[in-house]
K.L.:
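Quick one: this structure, given as structure tokens, is what I'll be asking you about.
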Amino acid sequence: MMKSKQMLAFGMVAALGVAACGSDSDTEADTGSGDEPETTEAMEEGDAEAPTTDAMEEEGDAEAPTTDAMEEEGDAAAPIEDISVGLTYDIGGRGDQSFNDSAFAGIERAEAELGASYTDLVPNDDGSNRGELLQLQADENDLVIGVGFLFADEVVEAAANNPDTLFAVIDDAMLDFEQDPPVSRCADGNCAGLTFAEEQGSYLVGAAAALQSETGTIGFLGGVSGFGLIEKFEAGFQAGALAVDPEINIVTQYITAAPDFDGFTAPDRGKEIALSMYADGADVVYHAAGGSGSGLFEAALEQSESSGSKVWAIGVDSDQYNTVDAELQEYILTSMLKRVDNAVFEITEAAANGEFDGGNVVYDLSVDGVGYSTSGGFVDAYVDQLEELKAQIIDGTITVPTEPS
């Protein structure tokens with residue numbers, strides 16, 4: 001364990017969020033700058049191979065993710081030799097082929113490349129023991145990571161009770177935006193937020209959906225509405241599709257509304273909604289629904305076989321072409337990649353090197369924090385158009401909305 005004041009970083013972007021859903025493998029379409037992600041193995045649930053993403057440039061060429069408005073507040077943190085990490089998952093834990101599995105891929109990479117050790121824990125079904133798990137992790141580890149914004153309040157308390165332990169939360173900026181400028185929610189500066197520009201990656205898969213659609217109707221399947229995160233996915237998807245085809249019809253439905261977060265772990269309900277979308281004429285459906293997304297893939301297979309007309313699904317967080325059964329792969333057009341694995345690895349690396357900053361780190365298209373996959377080759381015909389849109393987002397020509405129209 002180490003005791004030192006951290007550098008305080010302030011961020012103007014607060015991505016609220018629970019796991020839309022997150023792992024990585026095989027081909028990320030990215031001909032721009034970006035670190036080449038490592039191949040990570042050893043996922044639970046049937047020994048599924050952790051997906052990886054290709055088509056990135058050599059490691060070291062990428063611009064680092066941005067920590068907004070950094071302000072020094074004391075001595076820099078000391079390096080941590082043989083760092084230990086407590087990874088605490090969102091409800092459901094590993095095996096979701098998405099958000100939690102991506103976090104696991106990141107800590108596996110940290111173990112392989114940095115020599116980090118780790119313990120991982122899963123909350124109970126209602127998440128009521130998150131605070132207890134964080135304290136257990138803090139008792140044993142140098143760095144504790146909460147996978148999902150629902151850890152934010154408990155991390156503030158745990159960080160206050162454990163000033164010599166570092167904390168990070170995926171999908172929450174961990175900043176107090178009632179202050180001007182925003183300040184860290186942790187008085188000792190020992191907590192960091194790791195957030196993503198989900199709307200940017202969703203814009204690109206929305207464009208792909210519109211380019212692929214033959215019926216002129218596409219769908220968005222959200223896990224849980226009403227807390228701000230999944231609406232970012234919806235907003236980007238809408239904007240990207242409409243940029244390609246202003247007349248396209250977009251059907252949207254959420255499984256549950258906050259505070260009911262079961263929508264992220266309800267594959268049967270996801271399948272039911274997806275089948276209704278396909279029946280209503282959608283031929284491409286994008287999900288941001290965590291573990292419920294597996295129901296979408298099953299629906300795409302069932303609808304295609306029963307109707308004789310192929311329909312498509314779009315995955316999220318990981319390259320889900322590489323996480324599903326072989327019989328489902330041909331129905332996954334692309335996936336919106338949210339590099340939770342990189343965030344977990346990089347915050348671990350920063351802590352180990354004495355470079356932990358207590359603020360918000362934003363992962364966007366410019367640092368390959370989000371993107372799209374090309375596994376299966378189904379979007380190969382559109383890659384040039386998608387890359388042009390990507391470049392325009394990065395240079396500011398296109399501003400992607402974060403709220404649905």
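For reference, positions follow the sequence shown, starting with 1.
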K.L.:
Find out whether the Lys NZ or Arg CZ of K310 is both under 6.0 angstrom from the six-membered ring centre of Y331 and within 45° of the ring's axis.
P.N.:
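Geometry flag: set, cation within 6.0 Å and 45°.
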
K.L.:
Kindly state each residue pair satisfying salt bridge (charged side-chain N to carboxylate O under 4.0 Å, His left out) with at least one member in residues 236-265, sequence neighbours excluded.
P.N.:
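Residue pairs with at least one partner in residues 236-265: there are none.
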
K.L.:
Give me the one residue out of D395, D384, D368 that meets salt bridge (Lys or Arg N to Asp or Glu O under 4.0 Å) with K390.
P.N.:
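Result: among D395, D384, D368, D368 is the only option passing the salt bridge (Lys or Arg N to Asp or Glu O under 4.0 Å) with K390.
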
K.L.:
Would you say S304's side chain and V311's backbone share a donor-acceptor pair under 3.5 angstrom?
P.N.:
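Present.
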
K.L.:
With a 3.5 Å distance limit and no angle check, can you tell me whether D357 reaches the backbone of G359 through a side-chain donor-acceptor pair?
P.N.:
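No, D357 side chain to G359 backbone: no donor-acceptor pair under 3.5 Å.
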
K.L.:
Side chain of N100, backbone of G93: donor and acceptor closer than 3.5 Å?
P.N.:
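Side chain of N100 to backbone of G93: a pair is present.
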
K.L.:
Who passes ring-ring contact (aromatic ring centres under 6.0 Å, His included) against F378, sequence neighbours left out?
P.N.:
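Applying ring-ring contact (aromatic ring centres under 6.0 Å, His included) to F378 gives W312.
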
K.L.:
Please report, to 0.1 Å, the donor-acceptor pairs under 3.5 Å made by any side chain of residues 222-230, with sequence neighbours excluded.
P.N.:
none

K.L.:
Mind checking salt bridge (charged side-chain N to carboxylate O under 4.0 Å, His left out) for E199 and listing every partner two or more places apart, or none if nothing turns up?
P.N.:
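Expected list: K232.
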
K.L.:
Which residues pass the salt bridge (charged side-chain N to carboxylate O under 4.0 Å, His left out) test with E302, sequence neighbours left out?
P.N.:
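E302 satisfies salt bridge (charged side-chain N to carboxylate O under 4.0 Å, His left out) with K271 once adjacent residues are dropped.
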
K.L.:
Closest approach of C191 and V155, non-hydrogen atoms and distance?
P.N.:
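Distance-wise, the nearest heavy atoms are CB-CG1, 4.1 Å.
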
K.L.:
For Y203, enumerate each residue passing the ring-ring contact (aromatic ring centres under 6.0 Å, His included) test, keeping only those at least two apart in sequence or located in another chain.
P.N.:
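So Y203 forms no ring-ring contact (aromatic ring centres under 6.0 Å, His included) with any residue.
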
K.L.:
Around atom CD of E157, are there more than 12 heavy atoms of other residues, nucleotides or ligands at under 6.0 Å?
P.N.:
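At most 12 heavy atoms, drawn from other residues, nucleotides or ligands, come within 6.0 Å of this atom.
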
